[in-house]
Engineer: 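The structure follows.
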2 protein chains.
Amino acid sequence: MSPIEHPVVRRFIEDAGHLTQVLGFGRVTGQIYALLYFSAEARSLDDLKRELAISKGSASMCVRQLETLGAVQRVWVKGDRRDYYQANDYFGQIIRRGLQEIVGHRVEALGQFIEEADRSVTGADGDAFIRQRLDRLRAFQKKAQKFWDNPLVKVMLK
Amino acid sequence: MSPIEHPVVRRFIEDAGHLTQVLGFGRVTGQIYALLYFSAEARSLDDLKRELAISKGSASMCVRQLETLGAVQRVWVKGDRRDYYQANDYFGQIIRRGLQEIVGHRVEALGQFIEEADRSVTGADGDAFIRQRLDRLRAFQKKAQKFWDNPLVKVMLK
DNA sequence: CATTGCGTTCAATGCAAATTGAATCTACCA
DNA sequence: TGGTAGATTCAATTTGCATTGAACGCAATG
């Protein structure tokens, strides 16, 4: 029995879709997770396709993304060649990985950028104001890196 | 003199545009902030329009958004009817407000949703599994709220 | 009070990213 | 080994949102 018949679940699926869209993961990703989250039994790609009215390609790609984030688990149902999926409810871990994707990489990218920039504004043609701004940027990057690496943050997201 | 002539600044403007686009604030918003950040003097809407090759409407709307986030300040130049803007460099504060917009509101919205949902699955027609899932969701929401309200987080983002 | 020079608005547009689905690939079974 | 059922891929399409710019509003100035 599909939980999608329940109005509360419908609404949750819609909201989850909005959320993941805003966060840059696409709407379907959140919808799939929400459906799985409220499904007592594991679901196949075809289930998702039918119940959410999406294409098979979309189902496949988004489920893969959720798997990468650790938000979803593949389960085998014996005697059935299809892949089935169920939702993990370790929200903390899922969110941490999602943030890692969005924030973590960028903090490091900023660090690299500043290094490169430093090299090109050092020397005679270096603009004093730009150097000053880069310094503030570097200070911030270090703080951000520190914050991100802080074990306290990891604990709090548990 | 426009800092946009400097390759490092050009590159930074491009990157900042990508970042804000991914974060859902639009490309121009980041570009404007980046340009202002590396501008020694305050800049007018027309400056932004010319140097970033954007429309006046875009400049107006995005600057407004940055102002709301506290990322940018309006300054008056006497004898000039135009509005001038300069970048704040309190990154911590800016990011906190951005997060408030993206995360904070949603944590509260989730809380409200759960309350509503609770009411509609209580009683005879309530599905046991859905109730169980809602319970886990509520537990998470409380933790998230606590994390978000934690003064430590605020301090670390300073 | 008319004019001038700004800022703002919003319907129309353009564009980038999400989504589709036919073609392709893979694993399994007879 | 061929056949089948499902998963995956990616070029083409759709869709939604950022961006544009003409029209409007408004405040200052002579």
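Predicted model only: the values in this text are computed from it and were never measured. The chains referred to below are lettered A, B, ... by the order of the sequence lines, with proteins before strands, and numbering in each begins at 1.
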Engineer: Take nucleotides 20-30 of chain C nucleotide by nucleotide from the 5' end and write B, S or -, depending on whether a protein heavy atom sits under 4.0 Å from the base, only from the sugar-phosphate, or from neither.
Structural biologist: BB-----B---
Engineer: Remember a base hit wins even if backbone is also touched, and classify A:Asp46 as base, sugar-phosphate or nothing at under 4.0 Å, heavy atoms.
Structural biologist: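 The residue A:Asp46 makes no contact with any strand.
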Engineer: Between P on D:dG6 and CG on A:Leu48, what's the gap in Å once rounded to a whole number?
Structural biologist: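 So the CG-P distance, A:Leu48 to D:dG6, works out to 14 Å.
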Engineer: Distance only, no hydrogens: is a donor on one side chain within 3.5 Å (strictly under) of an acceptor on the other, for B:Gln141 and B:Gln145?
Structural biologist: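 On atom types as modelled, these side chains qualify, holding a pair under 3.5 Å.
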Engineer: Find the distance A:Ile32:CD1 to C:dT19:C1' and express it as a whole number of Å.
Structural biologist: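 Interatomic distance, CD1 of A:Ile32 to C1' of C:dT19: 12 Å.
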Engineer: Do A:Val28 and A:Met61 sit in the same hydrophobic cluster, where Ile, Leu, Val, Met, Phe, Trp and Tyr count as joined when their side-chain heavy atoms come under 4.5 Å apart?
Structural biologist: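 No; A:Met61 is not reachable from A:Val28 via cluster members.
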Engineer: Rounded to whole Å, how long is the line connecting atom CZ of A:Arg27 with atom C1' of C:dA18?
Structural biologist: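 Going from CZ in A:Arg27 over to C1' in C:dA18 covers 8 Å.
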Engineer: Distance check needed: D:dG21 C1' versus B:Lys49 NZ, whole Å only.
Structural biologist: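 Rounded to whole Å, this separation is 8 Å.
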Engineer: Between B:Phe140 and A:Phe91, how do the two ring planes meet: parallel, tilted or perpendicular, split at 30° and 60°?
Structural biologist: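 Tilted, since the angle between the ring planes falls between 30° and 60°.
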Engineer: How many Å lie between CG on A:Asp80 and C1' on D:dT4, as a whole number?
Structural biologist: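 For the pair A:Asp80 CG and D:dT4 C1', the rounded distance is 14 Å.
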Engineer: Rounded to the nearest angstrom, tell me the gap between atom OH in B:Tyr84 and atom C1' in C:dC6.
Structural biologist: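 Checked: the OH to C1' distance equals 11 Å.
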Engineer: Please report the distance, rounded to the nearest Å, between CG in B:Leu52 and P in D:dA18.
Structural biologist: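 These atoms are roughly 18 Å apart.
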Engineer: Assign each of A:Gln21 and A:Asp83 to its nearest nucleotide of DNA chain D by heavy atoms, then name whichever residue's nucleotide is nearer the 5' end.
Structural biologist: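 Looking at DNA chain D, the more 5' nearest nucleotide goes with A:Asp83.
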Engineer: I need the single residue from A:Arg64, A:Arg74, A:Arg43 that forms a salt bridge (Lys or Arg N to Asp or Glu O under 4.0 Å) with A:Asp83. Which is it?
Structural biologist: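 Exactly one pass, corresponding to A:Arg74.
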Engineer: From CZ of A:Arg74 over to P of D:dA7, roughly how many Å is that when rounded to an integer?
Structural biologist: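 For the pair A:Arg74 CZ and D:dA7 P, the rounded distance is 9 Å.
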Engineer: Tell me whether the OP1 or OP2 atom of D:dA7 has a side-chain N or O from A:Arg82 closer than 4.0 Å.
Structural biologist: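 So the side-chain polar atoms of A:Arg82 never come under 4.0 Å of the phosphate oxygens OP1 or OP2 of D:dA7.
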Engineer: Mind checking whether A:Ile32 and B:Phe129 sit in one hydrophobic cluster, side chains of I, L, V, M, F, W, Y counted as touching below 4.5 Å?
Structural biologist: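 No; tracing contacts between hydrophobic side chains, which count when under 4.5 Å, never links both residues.
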Engineer: Would you call B:Asp149 and B:Lys146 a salt bridge, using N to O less than 4.0 angstrom?
Structural biologist: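 Salt bridge absent between B:Asp149 and B:Lys146.
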Engineer: Check for me whether B:Arg11 meets the cation-pi criterion with A:Phe113, that is, NZ or CZ under 6.0 Å from the six-membered ring centre and within 45 degrees of the ring axis.
Structural biologist: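 No, B:Arg11 does not lie over the aromatic ring of A:Phe113.
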